[in-house]
Amino acid sequence: QVQLVESGGGLVQAGASLRLSCAASGRTLSNYGMGWFRHAPGKEREFVATISRIGSSTGYADSVKGRFTISRDNAKNTLYLQLNRLNREETAVYYCAATRTLGVATTRWQYEYWGQGAQVTVSS
């Protein structure tokens, strides 16, 4: 079993950037494909980005393509999400998740392990 802990959330102004980190423990991160999801008030938890086990493949929600970048450092057992040009509608709790699915995984049901979430608040 792998444990995931997000960090790097906070309050930023619209148009600003932020980098989220997700530290894994318990199992080697390279055994898992990884993803980021977000949950805004009144909305369903939605897919943001995914990356394969060795980082050779990535996938993004259309709404974040060109602004967000997912990456991983398996030597450090850490997953990252760089968020650029944030807007108010992206205020949400951001979760990292791990899956044993090979390749990229874009649905929440494919992920077995979840972090506790990091709050990102974007002000106008």
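The CG atom of Asn77 lies 12.0 Å from the CZ atom of Arg27; values are rounded to the nearest 0.5 Å. In this structure, Cys96 SG and Leu4 CG are separated by 4.5 Å, a value rounded to the nearest 0.5 Å. Rounding to the nearest 0.5 angstrom, the gap separating the CG atom in Leu11 from the OG atom in Ser123 is 5.0 Å. Atoms CD and CG, on Gln13 and Leu86 in that order, are 11.5 Å from each other to the nearest 0.5 Å. Rounding to the nearest 0.5 Å gives a distance of 10.0 Å between OH of Tyr32 and OG1 of Thr99. Taken to the nearest 0.5 Å, the CZ atom of Arg108 stands 6.0 Å off from the CH2 atom of Trp114.
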| task | Check the pair Arg19 / Leu83 against side-chain contact (heavy atoms from CB on, under 4.5 Å), numbers first and verdict last. | result | CA-CA 6 Å; Arg19 189 175 83 155; Leu83 302 83; 5.9 Å; no
| task | Kindly indicate, with the supporting measurements, whether the criterion side-chain contact (heavy atoms from CB on, under 4.5 Å) is fulfilled by Arg85 and Val64. | result | CA-CA 10 Å; Arg85 304 198 309 275; Val64 307; over 6 Å; no
| Stepwise, does the side-chain contact (heavy atoms from CB on, under 4.5 Å) test hold for Trp36 with Thr50? | CA-CA 6 Å; Trp36 287 97; Thr50 181; over 6 Å; no
| said: Determine whether Ile70 and Gln82 satisfy the following criterion, side-chain contact (heavy atoms from CB on, under 4.5 Å), listing intermediate values before the conclusion. | reply: CA-CA 6 Å; Ile70 188 171; Gln82 177 69 38; over 6 Å; no
| said: Between Glu44 and Arg38, is the salt bridge (charged side-chain N to carboxylate O under 4.0 Å, His left out) condition met? List the steps. | reply: CA-CA 9 Å; Glu44 295 287 323; Arg38 62 189 179 190; over 6 Å; no
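Of all heavy-atom pairs spanning Ser56 and Ser52, the tightest one is N-OG, 3.2 Å. Nearest heavy atoms, Ala24 versus Val2: CB-CG2, 3.9 Å. Across every non-hydrogen atom of Ala14 and Ser124, the tightest pair is CB-CA, 4.5 Å. Residues Val5 and Gln116 come closest through the heavy atom pair CA-OE1, 3.6 Å. Nearest approach of Met34 to Cys22, heavy atoms of both residues: CE-SG, 4.4 Å.
There is a path of hydrophobic side-chain contacts, each under 4.5 Å, that joins Leu18 to Phe68. Hydrophobic clustering of Ile, Leu, Val, Met, Phe, Trp and Tyr side chains at less than 4.5 Å, counting indirect connections, keeps Val104 apart from Leu79. Val93 is connected to Phe47 through a chain of hydrophobic side-chain contacts under 4.5 Å among Ile, Leu, Val, Met, Phe, Trp and Tyr, so both are in one cluster. Note on Tyr111 and Ile51: separate hydrophobic clusters, where clusters join Ile, Leu, Val, Met, Phe, Trp and Tyr whose side-chain heavy atoms are under 4.5 Å apart, directly or indirectly.
Of the candidates Val120, Thr69, Val48, Leu81 forms a side-chain contact (heavy atoms from CB on, under 4.5 Å) with just one, namely Val48.
Remark: the backbone N or O of Arg100 is paired with a side-chain donor or acceptor of Glu112 at under 3.5 angstrom. Looking only at distances, a side-chain donor or acceptor of Glu6 sits under 3.5 Å from a matching main-chain atom of Gly117. Remark: side-chain polar atoms of Arg72 are paired, donor with acceptor, to backbone N or O of Leu29 under 3.5 angstrom. Side chain of Thr101 to backbone of Ala105: no donor-acceptor contact under 3.5 angstrom is found. The backbone N or O of Ser30 sits nowhere less than 3.5 Å from a side-chain atom of Arg53 that would complete a donor-acceptor pair.
Electrostatic pairing of Lys43 and Glu89 does not count as a salt bridge here, judged by no charged N lying under 4.0 Å from a carboxylate O.
Between the side chains of Asn84 and Ser17, at least one donor N or O sits under 3.5 Å from an acceptor N or O.
Aromatic pair Tyr95/Phe37: ring centres not closer than 6.0 Å.
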